[in-house]
Q: 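Take this structure, written in structure tokens, and hold onto it; I'll ask about it next.
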2 protein chains.
Amino acid sequence: MNPSETSKPRNSADFFEMLRLRGNALPKRLKQCAEYVAANPAVVAVSTVAELAAGAQVPPSAFMRFCQEMGFSGFSEMQKLFREEYSQNWPDYASRLSKLRNGDAQAPQFLLAEFAEAGRTSIESLTRTIDPDALRRAVAVLAGARTIHLVGLRRTFPVATYLAYAFEKMQIPAILHSGTGNLSSAHLIGQGDALIAISFAPYTPDTIALAESAVKRNADVVVITDLPTSPLARIDAVRFMVPEVDVGAFRSLSATLTLAMTLAVGVGTQRRAL
Amino acid sequence: MNPSETSKPRNSADFFEMLRLRGNALPKRLKQCAEYVAANPAVVAVSTVAELAAGAQVPPSAFMRFCQEMGFSGFSEMQKLFREEYSQNWPDYASRLSKLRNGDAQAPQFLLAEFAEAGRTSIESLTRTIDPDALRRAVAVLAGARTIHLVGLRRTFPVATYLAYAFEKMQIPAILHSGTGNLSSAHLIGQGDALIAISFAPYTPDTIALAESAVKRNADVVVITDLPTSPLARIDAVRFMVPEVDVGAFRSLSATLTLAMTLAVGVGTQRRAL
DNA sequence: GTGGGAATGGAATGAAAATTCCATAAGCAC
DNA sequence: GTGCTTATGGAATTTTCATTCCATTCCCAC
């Protein structure tokens with residue numbers, strides 16, 4: 001470790017700042033590496049030294065020297081940084097969950113920190129995984145509907161009620177199917193209507209049934225669920241998979257609500273434009 | 001290669017389609033893999049078998065079997081698919097943002113970005129402003145209550161229903177006061193009970209009335225509201241001011257829900273410890 | 001219960017990748 | 001040009017990781 005070495009970058013912003021400062025002072029081959037990495041940051045996360053070296057047109061050993069020159073112990077350490085940024089380093093809540101179970105004397109503010117992080121992570125990854133086209137289609141379908149039906153039971157009931165509130169506030173006709181009194185409300189849904197069905201594992205059968213029945217009745221369906229293996233994902237509909245993070249046995253709803261708000265307001269503005 | 005094996009997926013859409021179709025028919029461990037992969041697709045691109053297996057809580061060999069069951073020769077081949085897909089999507093990120101800024105402000109993904117930002121900000125400032133001592137007191141009060149009453153109407157109704165769900169799941173006696181049928185339910189609250197009252201501007205009079213009546217009946221009250229000038233803030237109670245960010249006429253609920261989860265789980269663990 | 005077949009987990013193996021080392025080449029001062 | 005320092009490329013080494021194999025367990029049918 002010679003004294004000219006700068007300290008290790010902690011994130012990619014650090015890293016690129018360092019490149020900016022020291023980039024021009026590097027020897028030829030290392031400069032090639034710097035330029036290649038700057039131009040293809042994402043590729044670093046998913047490639048081997050040999051591949052990157054080939055891309056930068058230098059031998060692998062030169063690339064290794066580059067990594068060390070940037071303050072890392074080697075390529076692996078540098079790659080770790082890019083991988084974390086790239087995958088957002090989804091925290092390992094499974095292991096925290098056991099901590100939650102064992103250490104029963106958890107101070108509430110630690111819990112708050114956990115839930116806050118779960119919420120942030122969920123929202124962050126929502127924005128990266130949502131298909132803009134699906135969003136557009138969902139908004140179009142809902143804006144064109146005569147009546148919007150809403151169903152979400154148990155853990156997703158808050159989302160359904162939020163949508164009901166938002167639509168009411170914008171004076172868009174919407175019906176919340178809550179299952180009160182165990183009445184079947186499937187017959188309310190007809191052609192020209194749309195249904196937003198929300199369900200996470202364990203999937204409430206009533207929600208699935210209502211969604212299936214809506215499809216049979218030629219209503220448009222928008223599905224919000226968690227996984228492609230969900231029974232709701234089998235339905236012919238505009239589908240959203242929301243990457244909500246579990247903390248212990250509880251699931252953050254932040255991302256789902258964010259999506260719900262987006263749909264509601266999107267529909268509102270589109271209707272007004274018509 | 002047995003005949004039941006499906007042909008190799010060519011892209012991630014293929015892959016998720018296969019998961020959707022065959023996911024439920026898989027044996028337990030392989031299903032865990034399927035779900036983990038579905039929930040964390042980006043992580044697959046940048047992780048090792050061992051890491052993913054740990055994430056899915058299966059041994060590495062099970063994860064290998066999963067890859068082969070999905071039609072790949074092994075993990076490396078499957079990872080290749082994810083790497084290709086995901087390193088292609090990345091460069092769009094910067095251009096996507098600028099497109100968002102330039103393009104019409106009504107595009108749904110622009111809305112999504114706004115709401116996501118609002119949610120993040122709200123949660124962030126919640127963790128900064130919450131008083132740990134108030135949290136501790138609230139949890140103590142609620143954990144000691146015979147029955148926990150919940151009230152939150154209109155825009156805060158989703159929070160109240162979320163709490164109701166959480167308490168039910170943990171088998172903690174809780175009553176959701178929803179005002180259905182316009183029946184007064186204030187008389188249900190008595191000494192030894194606790195009430196969580198949630199209200200944001202414009203404050204629903206029923207919520208305030210119920211909270212005041214609970215105080216008169218010597219019940220403990222926990223208040224979640226937005227401003228110190230709120231009528232709920234005048235009540236003798238453990239008080240939380242949640243700094244939710246408004247987007248247009250709509251308010252993110254992310255921070256409020258995060259606080260609600262914290263209270264619920266905090267009470268749950270504390271009760272179990274008693 | 002009991003037998004058979006599928007599923008599982010752990011340890012052994014082999015391949016691939018990162019990292020180091022060293023001989024050679026290039027640049028530079030004198 | 002000569003000697004010295006720094007840079008370079010390829011090959012050897014070591015570490016990490018994917019993959020396979022097999023003994024054990026689990027589950028279901030009878």
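Residue numbering restarts at 1 for every chain, and letters A, B, ... go by the order of the sequence lines. The figures here come from the full heavy-atom set of this structure, side chains too, leaving out hydrogens, waters and symmetry mates.
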Q: Angle between the two end axes of the helix from C:dG1-D:dC30 to C:dC30-D:dG1, five base pairs per end, rounded to 10 degrees?
A: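 Answer rounded to 10°: the end axes differ by 30°.
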
Q: Could you tell me which non-hydrogen atom of B:Leu126 sits nearest to which non-hydrogen atom of B:Ala255, and how far apart they are?
A: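 Smallest interatomic distance, heavy atoms only, reads CD2-O, 3.4 Å.
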
Q: Is A:Glu117 salt-bridged to A:Arg120, going by a charged N under 4.0 Å from an acidic O?
A: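 Salt bridge flag = no for A:Arg120 with A:Glu117.
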
Q: Check the pair A:Ser230, A:Thr225 against side-chain hydrogen bond (donor to acceptor under 3.5 Å, both in side chains), reporting the backbone distance first and the verdict last.
A: CA-CA 7 Å; A:Ser230 151; A:Thr225 190; 2.9 Å; yes

Q: Under 4.0 Å between a side-chain N/O of A:Gln68 and OP1 or OP2 of C:dT20, yes or no?
A: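 So the side-chain polar atoms of A:Gln68 do come within 4.0 Å of the phosphate oxygens OP1 or OP2 of C:dT20, strictly under.
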
Q: Let me know the distance between CD of B:Gln79 and P of C:dA16, rounded to the nearest Å.
A: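 Spelled out: CD on B:Gln79 to P on C:dA16 is 14 Å.
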
Q: Send over the distance from A:Met78 CE to C:dT19 P, rounded to a whole Å.
A: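 In whole Å, C:dT19 P lies 11 Å from A:Met78 CE.
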
Q: If we only count heavy atoms from C-beta on, is the B:Phe115 to B:Ser252 side-chain gap below 4.5 Å?
A: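 Side-chain contact under 4.5 Å: no.
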
Q: Could you check how far NZ of B:Lys28 sits from P of D:dT25, rounded to whole Å?
A: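 Atom NZ in B:Lys28 sits about 16 Å away from atom P in D:dT25.
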
Q: Provide, to the nearest angstrom, the distance between the CE atom belonging to A:Met64 and the P atom belonging to C:dA18.
A: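 Atom CE in A:Met64 sits about 8 Å away from atom P in C:dA18.
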
Q: How many whole angstroms separate atom CD of B:Glu69 from atom P of D:dT19?
A: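 It is 16 Å, rounded to the nearest whole Å.
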
Q: Quick check on A:Gln57: does its CD atom have over 12 non-hydrogen neighbours (other residues, nucleotides or ligands) under 6.0 Å away?
A: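 Atom CD in A:Gln57 is not packed in, count stays at 12 or less.
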
Q: Within the 4.0 Å limit for protein heavy atoms, which parts of nucleotides 9-17 of chain D are touched? Write it as a string from 5' to 3', B for base, S for sugar-phosphate only, - for none.
A: BB------S

Q: Apply side-chain hydrogen bond (donor to acceptor under 3.5 Å, both in side chains) to B:Arg29 and B:Gln32, showing your working.
A: CA-CA 5 Å; B:Arg29 288 287 116 110; B:Gln32 281 174 250; 2.8 Å; yes

Q: To the nearest Å, how far apart are B:Gln32 CD and C:dG9 P?
A: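 These atoms are roughly 8 Å apart.
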
Q: Report the residues that fulfil ring pair (Phe, Tyr, Trp, His ring centres under 6.0 Å) with B:Phe63, sequence neighbours left out, ordered by chain and then residue number.
A: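 Expected list: B:Phe66.
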
Q: Please report, rounded to the nearest Å, how far the P atom of C:dA18 is from the NZ atom of A:Lys80.
A: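 That distance rounds to 15 Å.
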
Q: Could you tell me how far apart A:Phe66 (CZ) and D:dA7 (P) are, to the nearest whole angstrom?
A: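 Rounding to the nearest Å, CZ of A:Phe66 and P of D:dA7 are 15 Å apart.
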
Q: Are B:Lys169 and A:Phe250 in a cation-pi contact, defined as NZ or CZ under 6.0 Å from the six-membered ring centre and within 45° of the axis?
A: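 Judged by the rule, B:Lys169 and A:Phe250 form a cation-pi pair.
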
Q: I'd like to know whether A:Ile189 forms a side chain to side chain contact (heavy atoms under 4.5 Å, CB included) with A:Leu210, so could you lay out the CA-CA distance, the side-chain angles of the two residues, the decisive distance to 0.1 Å, and finally the verdict.
A: CA-CA 9 Å; A:Ile189 307 178; A:Leu210 194 67; 4.2 Å; yes

